[in-house]
Number of protein chains: 2
Amino acid sequence: MTEVEKGPKGRRRGRGARERILSASQQLFREQGINRTGMDQLCAAAQVSKRTAYQHFTGKDELVAEYLRRFDPSVLSGVFDRTDLTPRERLLAAFDVPPTTPLCPYIGAAVELHDPQHPASQYARDYKKAVAARLADTAREAGAADPEQLGEQLALLIDGAAARTRVLNADAFPTAAAIAAVLIDTAIPATAGDDRRREEVSS
Amino acid sequence: MTEVEKGPKGRRRGRGARERILSASQQLFREQGINRTGMDQLCAAAQVSKRTAYQHFTGKDELVAEYLRRFDPSVLSGVFDRTDLTPRERLLAAFDVPPTTPLCPYIGAAVELHDPQHPASQYARDYKKAVAARLADTAREAGAADPEQLGEQLALLIDGAAARTRVLNADAFPTAAAIAAVLIDTAIPATAGDDRRREEVSS
DNA sequence: TGTTATGTACACCGATCTGTGTGCTTACGG
DNA sequence: CCGTAAGCACACAGATCGGTGTACATAACA
């Protein structure tokens, strides 16, 4: 994301069209959706000739898949890596999404593409599973009785908030966070590795 | 759904093309999505001439909106009207979706259309609010401390299960039901309208 | 029976979509 | 400075999209 100069194959050649294409994808696919964004418009926004785009990507499908792969997962990794928070706080922090966040592109892609076999759909599936797994890890760290279950539950809450926000056009994450708090308190024995014991996980 | 003979305006004229169109919409929009279903294909499936379709609907947008309005809400109303269940059981029954259910068309429409102003998007919003309201009513009946909050929470769980099922291609409703059980038990004072000892601890 | 709403058949429109073919320019690295 | 890979401009192909125009058929009801 930060590096715009690295060429496609590592060798620094040309003027980094690929990065511009992916950058434009981020913006347009999220603003307008995938199906409503044509390659012409995308190339224009990226200031890249259409020919060049199709030299970097065999087709729109591949571009969409790469767009999902490149989607900045800062919300995710940024939360799980915060060592200044207790595991329990980290679980809750996953619901602190700035209200400006457009909305989960993975759900959008899965719905828009509508084909579970599509590479992007498969990646979306993998990503969602990975999130649940990381939540489960953190839940285990927090001392949850059944970390896998709690992880899956919290993941469902996040997706619910995302979907509901999209449909209602109103932020649903606070509601999800409230549910999460209940679930976490229920699943974690009161005595377990909780707040004040700032479990330094020692990096 | 059952009646195919009723004409568009009540008077029985012609051969009920409108119903066939809407019936085909139900199938195709859900199987393939809205954007991936062309009017040509839809008319062919409905065995209706394209001209006729555009005499009944001013455009695809109107058809989509009507498709959502006509979507059989049996899952919803069928649950809330069951007087054989206690309010608490009714709240939980909302998560007993047969695994064959294709998946919430309202979320699909909102994502695919991608325009909050689209009539179908507006209807989806209204519908989701109505569901939350009915859940809140039932929650009140069940003696919940904060029925509105519980209704909104359960609605979010349903949407989460729907979205997650779509992305993961695996039934997520059991997980949502488990969360719902926790929320309900937390929100309803033990002594409240939790009708006589019908408490079935099925899980 | 005749009138009229309803539906049909089918060609056709312009727009837009993904994707190519071709020939030219430019920047970079040796 | 030169060769080559990267990128560009732009027309175009073929499909599909939503939507219409026109002329004809038929079913329902008076």
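On a predicted model such as this, the values are computed, not experimentally measured, just so you know. Each chain gets a letter, A, B and so on, in the order its sequence line appears, and its residues count up from 1.
- Counting only residues at least two apart or in different chains, salt bridge (Lys or Arg N to Asp or Glu O under 4.0 Å) contacts with residues 39-56 of chain A comprise A:Asp40-A:Lys50.
- Proximity of B:His56 to the phosphate of C:dT6: no side-chain N or O atom is located under 4.0 Å from OP1 or OP2.
- Partners of B:Arg82 by salt bridge (charged side-chain N to carboxylate O under 4.0 Å, His left out), not counting sequence neighbours, listed by chain and number: B:Asp84.
- Residue B:Glu152 holds its CD atom at 9.5 Å from CG of B:Leu135, rounded to the nearest 0.5 Å.
- Rounded to whole Å, atom C1' of D:dG7 lies 14 Å from atom CZ of A:Phe57.
- Of the side-chain N and O atoms in A:Thr52, one or more sit less than 4.0 angstrom from OP1 or OP2 of D:dC8.
- One can place CG of A:Leu42 at 12 Å from P of C:dG19, the figure rounded to the nearest angstrom.
- Residues forming a side chain to side chain contact (heavy atoms under 4.5 Å, CB included) with A:Gln149 (at least two apart in sequence, or on another chain): A:Asp146, A:Gln153.
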Contact letters for nucleotides 16-26 of chain D, in which S counts primed atoms plus P, OP1 and OP2 and B counts the base, heavy atoms under 4.0 Å: --SBBBB----
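- For residues 103-132 of chain A, every residue pair satisfying the salt bridge (Lys or Arg N to Asp or Glu O under 4.0 Å) rule, not counting sequence neighbours, is listed here: A:Lys128-A:Asp159.
- For A:Glu148, the salt bridge (charged side-chain N to carboxylate O under 4.0 Å, His left out) test picks out A:Arg140, with sequence neighbours left out.
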I'd like a table of atom pairs between the protein and nucleotides 14-16 of chain C - only N or O on both sides, under 3.5 Å - with the distance next to each one.
none

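- Looking at residues two or more places apart in sequence or on another chain, you find a side chain to side chain contact (heavy atoms under 4.5 Å, CB included) between B:Ala93 and B:Val79, B:Leu85.
- For A:Ser23, the side-chain hydrogen bond (donor to acceptor under 3.5 Å, both in side chains) test picks out no residue, with sequence neighbours left out.
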